[in-house]
Amino acid sequence: MTDIRLPMGDSIFCVRAVILCLRDGHLLVNAEQGVNFLYLPGGAIKSGEATPESAAREWTEETGLPAGPLRLAGVVENFFPHSGRQWHEIGFYYRMAAPPELPPTPFTVNDNPNVTCLWLPLAEVRKRRVVPLPVRDLLEGPGGSVRHIVNRA
């Protein structure tokens with residue numbers, strides 16, 4: 001199966017599945033060497049793969065742990081420049097409680113030694129650059145609802 005990440009002229013179209021992993025008032029975020037923003041665990045879905053399957057697969061690839069129950073929190077259509085190109089990303093964001101085996105301290109993801117997972121207090125999400133920025137709205141939305149957000153950076 002191939003990642004759904006397609007070059008289209010001067011832009012790139014992609015579809016991602018992402019996990020909003022929460023524990024004790026903290027959100028699990030990824031920090032990467034040389035990158036000035038934080039982002040969430042997840043990645044491109046593959047052709048023929050449903051987004052919950054993709055989110056669970058990405059979670060296991062990054063943490064080595066099986067994903068817990070996932071609940072769709074929202075869909076974000078994100079338009080942004082990155083590495084000299086314009087991106088059109090459709091992201092499916094799933095909430096998940098942190099499994100107890102997940103370390104409470106920062107740890108390196110299994111599939112990329114340049115990426116560290118760390119726990120960001122929810123109060124800090126609006127103060128730090130966590131992308132895409134509408135993640136803030138998904139976290140603060142009413143419980144049980146699914147939101148659709150269009151973000152043009």
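- Inter-residue side-chain proximity for T108 and N114 is flagged as unmet; no heavy-atom pair is nearer than 4.5 Å.
- Under a hydrophobic clustering in which Ile, Leu, Val, Met, Phe, Trp and Tyr are joined whenever their side-chain heavy atoms come within less than 4.5 Å, directly or via other members, L133 and V130 fall into different clusters.
- Between P104 and D24 there is no side-chain heavy-atom pair separated by less than 4.5 Å.
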- Message: Between R129 and L38, does the side chain to side chain contact (heavy atoms under 4.5 Å, CB included) criterion hold? Intermediate values first, please.
- Response: CA-CA 6 Å; R129 188 164 182 235; L38 303 170; over 6 Å; no

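- The pair D3-R16 does not meet the salt-bridge criterion, since no charged nitrogen lies less than 4.0 angstrom from a carboxylate oxygen.
- A salt bridge is defined here as a Lys NZ or Arg NE, NH1 or NH2 lying under 4.0 Å from an Asp or Glu carboxylate O, and E53 with R57 fails to meet this definition.
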- Given the rule in the side chain to side chain contact (heavy atoms under 4.5 Å, CB included) test, do C21 and T63 qualify, once you have shown the distances and angles that lead to the verdict? CA-CA 12 Å; C21 181; T63 67; over 6 Å; no

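- A continuous path of ILVMFWY side-chain contacts below 4.5 Å connects V125 to I149, so both sit in one hydrophobic cluster.
- Linking ILVMFWY residues whenever their side-chain heavy atoms come closer than 4.5 Å, directly or via other members, leaves L118 and V115 in distinct clusters.
- Taken from CZ in F80 to CZ in R152, the straight-line distance is 13.0 Å, to the nearest 0.5 Å.
- Judged by distance alone, with hydrogens and angles left aside, the side-chain atoms of S54 form no donor-acceptor pair with the main-chain N or O of A50 at under 3.5 Å.
- Under the 3.5 Å distance criterion, the side-chain polar atoms of R85 are matched with a main-chain donor or acceptor of G9.
- A salt bridge between K46 and E58 is absent, with no side-chain N of the basic residue lying under 4.0 Å from a carboxylate O of the acidic one.
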- Task: Go through W87 and C14 one step at a time and tell me if the side chain to side chain contact (heavy atoms under 4.5 Å, CB included) criterion holds.
- Result: CA-CA 8 Å; W87 288 66; C14 67; 3.8 Å; yes

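- Closest heavy-atom contact between Q33 and P113: NE2-O, 4.4 Å.
- Remark: R71 CZ to S145 OG distance equals 7.0 Å, nearest 0.5 Å.
- V76 approaches P132 most closely through the heavy-atom pair CG1-CG, 4.4 Å.
- Residues V150 and F79 meet the side-chain proximity criterion, which asks for heavy atoms closer than 4.5 Å.
- With a 4.5 Å cut-off on side-chain heavy atoms, I12 and L6 do not count as touching.
- Note on I4: it clusters hydrophobically with Y94, by side-chain heavy-atom contacts below 4.5 Å among ILVMFWY residues.
- Taken to the nearest 0.5 Å, the CG atom of L122 stands 9.0 Å off from the CD atom of E140.
- Looking only at side-chain heavy atoms (C-beta outward), N30 and V109 come within less than 4.5 Å of each other.
- Taking every heavy atom of both residues into account, D137 and R147 meet most closely at O-NH1, 3.0 Å.
- Side-chain contact between L28 and P41: present, with at least one pair of heavy atoms (C-beta onward) separated by less than 4.5 Å.
- When each of I19, V75, V135, V146 is paired with Y93, the side chain to side chain contact (heavy atoms under 4.5 Å, CB included) condition holds for V135 and for no other.
- A donor-acceptor contact shorter than 3.5 Å links the side chain of R95 to the backbone of L139.
- Under the 4.5 Å side-chain heavy-atom criterion for Ile, Leu, Val, Met, Phe, Trp and Tyr, L40 and L138 are members of the same hydrophobic cluster.
- Judged as a ring pair (Phe, Tyr, Trp, His ring centres under 6.0 Å), the pairs with a partner in residues 7-37 (not counting sequence neighbours) are, in order, F13-H88.
- One N or O on the side chain of T60 and one on the backbone of L65 form a donor-acceptor pair closer than 3.5 Å.
- The side-chain heavy atoms of E77 and N151, taken from C-beta on, include no pair separated by under 4.5 Å.
- Enclosure of atom CZ in R128 is not indicated, since only 12 or fewer non-hydrogen atoms of other residues, nucleotides or ligands lie within 6.0 angstrom.
- Between atom CD1 of residue I90 and atom CG of residue N78 there is a gap of 10.5 Å, rounded to the nearest 0.5 Å.
- The shortest non-hydrogen separation linking A55 to A17 is N-CB, 3.6 Å.
- Taken to the nearest 0.5 Å, the CG atom of L120 stands 10.0 Å off from the NZ atom of K127.
- Closest approach of L22 and W119 over heavy atoms only: C-CZ3, 4.3 Å.
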